[in-house]
Amino acid sequence: MNKENLSKTEFPVCTTLEKTLNTSTTSKGNAVFKNNNSWITGQTIRIRFVGGSVELQNKIKEYASEWTSAANLNFVYVGTNDESDAAIFFETGSNYTFGRSINFGQLSNPNATDEIIRGITLHEFGHLLGLHHENQSPAANIQWNKPVVYDYYQRVIGWSKEQVDSQIFNALPTSYYNTYTPYDSSSVMTYSFPASFTTNGFSIPFISSLSITDRMFIAKAFPFPVKSKLYAGDRITANNRLTSPNGNYTLYIRSGKLVLYSNVEFRDHGHISPNIKFSNATSSNIYLEIRENVLLLFKGNVSKTVGPNIPVGNIQYINLNDSGNIEAIINGVVVFTINMKTDL
Ligand SMILES: [Zn+2]
């Protein structure tokens, strides 16, 4: 490959930099570092945008939610000047230190495709959740062709040799990790690079989706309580979810919709979008709840019946079965079934 033709778009450089290690302060730095990046399972993370078009912001929100389909965390987007836990900037050419800020300067390029936006969004939000570059995992064993890599990042990106070392080559100290997986070359957290960067022809294309390991890792780091039944008095929300006993389906609220998500195919299998019919709602808070003999989807104080009214008695609980269907149960008997893939 002609080095001059390497595309910055095809092999984008991450704007989140690891600290340049200084052995004399490593110990102190790591403690601060870890403390700055620990979210609590179930936490709602308040994020504010500083810049970016509404269209681009909406794409970022949509793609970032792939992380919260797997992790028991919730992203909410607050006003630019509101109190927040994390901030998103769009500064061309700027880099940020690993922490609670993301910079999407690369996405200011009007030629950025949805695939690029998706991949960079998932990658940078991965940093926000505390994930580091996969190529710097202690488990990575990439046979770098170092002169070629130094030349590229120094000449094209403008990094110093030390920056290439700290951002690309050096394995991160194990004190940076609570845990790590075997090296996963399909992780969205790896740098992409051409075969000319290695001595054995190994290369990684631009990655725009979470790998199975990415999803499993973050699900383990921020686990959902596993339950398939919702009883009267409880409610389904963004974070309080039902998962089928075989683990294949999850039912929860995302972006104002009741969503049935396939954990096998990593995509939605059906949803109820109440936005149109809830025009009089006083609140955007959406949840699914059993009220006596009906199942109701609420938006604020306005509700819509999901499934039939049951004349024979109060619904005891609903169950998400292994086929992804919602079963309503009275006295141990299924009184109706909702197939979100076709019924709604
Ligand atoms: Zn990165």
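Atom set for the values below is all heavy atoms of this structure, side chains included, hydrogens, waters and symmetry mates excluded. Order of appearance sets the numbers: ligands from 1, and atoms from 1 within every ligand.
No donor-acceptor pair under 3.5 Å is formed between the side chain of Y252 and the backbone N or O of V259. At least one donor-acceptor pair under 3.5 Å links the side chain of Q136 to the backbone N or O of S166.
In terms of the side-chain contact (heavy atoms from CB on, under 4.5 Å) criterion, residue partners of S53 (sequence neighbours excluded) are, by chain and number, E55, L56. For the side-chain contact (heavy atoms from CB on, under 4.5 Å) test, residues two or more places apart in sequence or in another chain that qualify with N319 are S228, K229, Y317, N321, E327, I329.
Protein N/O/S atoms found under 2.8 Å from the Zn ion (ligand 1): C14 SG, H123 NE2, H127 NE2, H133 NE2.
Hydrophobic side-chain contacts under 4.5 Å tie V264 to no other Ile, Leu, Val, Met, Phe, Trp or Tyr residue.
The aromatic rings of F49 and F90 lie parallel to each other, their planes meeting at an angle below 30°, with 60° marking the opposite boundary.
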